[in-house]
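Structure first, commentary second.
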Amino acid sequence: MASRFQAVTLVDSPSYPNSIAWSDENLIAVASGHLVTILNPALPFGPRGLISINRSEPYPIGAVKREDLASGCLLPTTLNRDPRPSVRSVSWSNLGMAPNSGCFLAVCTTEGRVKLYRPPFCDFCAEWIEVLDLTDRLYDYLASISFEDPDIPPSEISNEPVTNHGYVDDPTDSVSVKEQKRRKVNNFGVRNAGLETSCDQISHGPSPSLELEGQGPPKGRCTKSGGRKSSHQIVPATRGRGRSAKKPPEVCILPLITADQYASRSAMLSSLVVAWSPLLKLSSRICGAPEINSSIRFSLLAVGSKSGKISFWRINVPEYYSIEQSLAPTRVELIGILKAHSSWVTAISCALLASDSSTPQVLLATGSSDGSVRIWIGHGEEFLKSTEVNNAPFYPLKEIVNIYAVPVSVLSLMPTQSLHKMLLAVGRTSGAIEVWIGDTSVKTFDKAGPYDAHDQVVTGLAWAFDGCFLYSCSQDNFVRSWSLRGSSLSEMPIPSSSPGLRSVSDMPDVFISCLGLVVSPSNLAVAMVRSFDVNQLDHMYEARLQKAAVEFFWIGGHQKDILSNTSLEFDIEPLPGFTEKELVYWESNILWSLKQYEHWDKPLVIWDIVAALLAFKWSAPDYVDHVLVKWLSSSYVDVHVERSIGKVLPHVCKSFCKAASRQLHLLNIICRQVILPELKADEINSNLLNFTVDNPNFAQDKQHKLWMDLLSRSEKELRERLVGFSFSAYRSFASNSATTSSEPGYWYPFGMAQMEQWVANNNHQVHDQLKVVATEIKTCKRSRCIELAEEDKEQCSYCSAPVPFESPEFGVCRGMESNGSSGQKHKLARCAVTMQVCPITPLWLCKCCQRWISKLAPESLFKMPQQHCLDYKFSPEPSSIKVASKPQCPFCGILLQRSQPEFLLSPLPV
């Protein structure tokens, strides 16, 4: 087994497959017992986030007779004694779904509840904030149609009083209070490690409906059906509310139903698994939006239940992002319920299909406890046009039937880079895995397997390197690596060589099972969660606090491609513990990962790339130089030059005007985090203001000077693009007769006076075209008699003294004069986008360059493609003048966030 490079313990152990998930923010969520633990892989021993699952009261879905409690479909519920619900499934949304542009976390519990949580970015606490209980919304819908099921006849009518447990109370049966407590029925779901197919959960009780933030106070729940009458006579029932057991019970009216009806309704509300779809974006032409330049962005959350049905929830991206308390409301809508299987839905996987269609297509794979697997496809525009909940906008492509009815435990769906091609890995409770290779255009599917990969339940599957490798783990505590070549799957050992130091923690190596694994965003590392054998731990100390652990392993040494003989030519001495081929594999995989991030729509999370390069740099700096020179040569240099730092870097600087913005962002991160990690971000920013290669005060190392010059030129190119785009947009706003005030969610060119001053201060360095546009802006202001006094004359936020513009990074006020002498001067941060002095309000922060931002940059700035022509005369049309703002750093491209205290969790993309 490969050696881990870091590991961290958990206070509780997972109980279900797929208990770990990795977000686009570079956070890891682990479903461990009644907790969800959220870790930062960059600081595994640092602060953690927490979600604690508490008991919920059952929903008032109906009342059954006491003698019906012994029915087969209700026995698991009647006999259940779980003291506290556990977490069954977790899933991260895509970046941009949360109010701060982060990720939502969907959590499914053993009670069948599904809730959404957001990070506490404005709450300053470790506990994540519950946003919405989707099961409440589902109950409201099902109650409005009276849980209609044509296959189940109505029950007989009864006028008997009903207790809060959902059965008719026999008034002649008088027992003591102590006896009643002993007979009390626990209505929460059975916590099963396996995948039984019995109905084990009575529906859950009334709890206040939770509205999304910004949508008003919670509404009361009504058990009456809306818009249609129930065929059942309702009977009174008493139920408690919350913990106020001493208060008089409220009267609740419930219909008398049969045991089968109760089990059916309970199964509809008993969720088992959750999965997010990729982020979907539809243009105004498709969605019929009135704005010419508008679009609708949303994601689907699929929730599988014991009834075999899957409910689909459309959750729109917020209209604007904020890091303050006043949050924009998030729209959530139930768009369909799909009858996917005849038994429990135990696994769901979603992916975006690569196709030549103008609208996005979503692939959906579902697995059931009856052993069947089905593949579905849905079209983006139908997700918006769906009006009938019973007609979900998904259509079947393929059904896979297992003749032995072995339940499905996990699924992993992955579209390939080829059009209409997909890979589906299926894990079963028998320990077998199988892979299906499909072409959705002709609906053909080829099978690879099955393979007896494990001896027990397969608990995790994850694809890596664009489907070249598949990783599997099982309850038998084994983790295996598989290579897919054509239509055959062959096992390959996980690379044992690890760059840098291995984990030296004193963690006991007494694991008993592995409950999930996940691949890092750049595919260079894998994280897995394992449970300890508590019988082998010290019961006084270890067993109390160490129930499970999250381990991290490097997988960058895998041979992804069949390399030619010329690819093995290598001019670096082999490192201790590495063969020459392993170094070539690492180089190939790092370059592949960097290439994937050149697409602007892929979230820029390169923590594992930076960590791997830093680990190699510690022992072999020449190898890191070799890898970076090869990356720079292939990405920036068009002509053949000698592959050395001194020869390549000057050629790279000359190609910046033709490079895409994403390429410059990647280069800036590598310079700051890999080449200059010993320098603080503020120190680098100060040195960049007046940096020259001949400056003797910065560094004695000539190579560091070359990299510093590269960083300086790259950031100056990005700043010129931002200033030029702002000038062009301002000119368009000035020529437009409509109002030019800023709107939430849209960008407006603020800071014109500061940008003009910056161009004047750097007149000898900026492009001539930018000088021309700056002159046109001054002429435009004079022609319209525009006076921007609030921009020209900035004041200190602390003493109201004037703040002259001297630097785009910070400003220093002149200080208030008192008794003939100047007062204290304040150093104020400037916004990295507008160059204006930042106000005393919550600000956005870049965790890479440590710059502050008060006004967000335009989204178009991050989309500038390769071979960008430096034409600052470009401007958007007046009819489509609205440009969306993007909470990303204009110099690093990573997600911005609100600064948090050191003792609270915050994501680190780099």
Side-chain angles (χ1 to χ4, degrees), residues 22-28 38-49 92 95-96 98-103 118-124 126 321-324 520-522 597 602-614 661-662 664-686 688 711 714-715 718 809-810 829-833 838 841-857 861-862 885-910:
W22 205 318
S23 77
D24 290 339
E25 288 183 281
N26 198 36
L27 293 177
I28 292 179
I38 303 168
L39 308 169
N40 183 353
L43 296 171
F45 299 101
R48 301 184 180 186
W92 289 103
L95 210 61
N100 68 330
S101 190
C103 300
R118 67 161 176 85
F121 55 87
C122 59
D123 305 273
F124 297 101
Y321 297 115
S322 173
I323 52 174
E324 300 184 33
S520 65
S522 301
Y597 285 104
K602 183 176 176 63
L604 197 53
V605 180
I606 60 173
W607 162 80
D608 45 348
I609 297 179
V610 172
L613 290 175
L614 286 175
S661 297
R662 175 52 69 91
L664 299 179
H665 294 152
L666 275 172
L667 180 60
N668 293 347
I669 294 175
I670 295 298
C671 287
R672 288 178 176 271
Q673 303 298 324
V674 178
I675 305 301
L676 307 169
E678 66 278 358
L679 297 179
K680 294 182 178 180
D682 293 339
E683 183 179 354
I684 296 178
N685 297 339
S686 299
L688 288 178
L711 177 61
S714 174
E715 291 200 350
L718 287 170
E809 300 291 344
F810 59 88
R830 289 190 178 272
C831 174
V833 175
C838 292
T841 57
L843 301 174
W844 300 89
L845 173 67
C846 173
K847 299 292 285 188
C848 179
C849 66
Q850 296 295 315
R851 289 186 171 100
W852 298 94
I853 294 176
S854 59
K855 303 290 186 182
L856 299 179
L861 181 69
F862 305 96
S885 58
K886 194 80 170 179
Q888 292 180 359
C889 176
F891 299 101
C892 304
I894 66 173
L895 180 70
L896 300 172
Q897 54 187 283
R898 183 170 178 172
S899 179
Q900 298 288 326
E902 294 184 358
F903 57 85
L904 292 179
L905 175 73
S906 62
L908 290 175
V910 296

Let me see the working for C848 and C889 under side-chain contact (heavy atoms from CB on, under 4.5 Å), right down to the final yes or no.
-> CA-CA 9 Å; C848 179; C889 176; over 6 Å; no
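- Within a 6.0 Å radius of CD in E678, other residues, nucleotides and ligands contribute more than 12 heavy atoms.
- Across W22 and P41, no two heavy atoms sit closer than the pair CZ2-CG, 3.7 Å.
- Shown here for P47 and F903, the closest heavy-atom pair between the two residues is CB-O, 3.5 Å.
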Test log, rule side-chain contact (heavy atoms from CB on, under 4.5 Å), inputs L676 and E683 | CA-CA 11 Å; L676 307 169; E683 183 179 354; over 6 Å; no
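- For the atom pair Q673 CD and N668 CG, the distance stands at 11.0 Å (nearest 0.5 Å).
- N685 places a side-chain heavy atom less than 4.5 Å from the side chain of R672.
- Nearest heavy atoms, S906 versus Q897: CB-OE1, 3.4 Å.
- The two residues F121 and P99 have their closest heavy-atom pair at CZ-CB, 4.1 Å.
- By the 4.5 Å heavy-atom criterion applied to side chains, P901 and F124 are counted as neighbours.
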Let me see the working for Q850 and L845 under side-chain contact (heavy atoms from CB on, under 4.5 Å), right down to the final yes or no.
-> CA-CA 6 Å; Q850 296 295 315; L845 173 67; 4.0 Å; yes
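- For H665 and F862, the gap between ring centers is short of 6.0 Å.
- The shortest distance between side-chain heavy atoms of R48 and L39 falls below 4.5 Å.
- Formation of a donor-acceptor pair under 3.5 Å by the D24 side chain with backbone atoms of C103 is not found in this model.
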Steps toward side-chain hydrogen bond (donor to acceptor under 3.5 Å, both in side chains) verdict (Y597, S522) = CA-CA 9 Å; Y597 285 104; S522 301; 2.8 Å; yes
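- With a 6.0 Å radius and a threshold of 12 heavy atoms from other residues, nucleotides or ligands, K680 has its NZ atom at or below the threshold.
- Separation of atoms CG (L27) and CH2 (W92) is listed at 5.0 Å; rounding is to 0.5 Å.
- Distance CH2/W844 to CG/L856: 5.5 Å, rounded to 0.5 Å.
- Note that the CG atom of L711 and the CG atom of L667 stand 7.5 Å from one another [nearest 0.5 Å].
- The OG atom of S885 lies 11.0 Å from the CD1 atom of I853; values are rounded to the nearest 0.5 Å.
- Atom CG of N100 and atom OH of Y321 lie 9.5 Å apart (nearest 0.5 Å).
- The pair E324-R898 fails the salt-bridge criterion, with no side-chain N (NZ, NE, NH1 or NH2) lying under 4.0 Å from an Asp/Glu carboxylate O.
- Heavy-atom minimum distance, L895 versus L95: CD2-CD1, 3.8 Å.
- Nearest heavy atoms, L604 versus R662: CD1-NH1, 3.8 Å.
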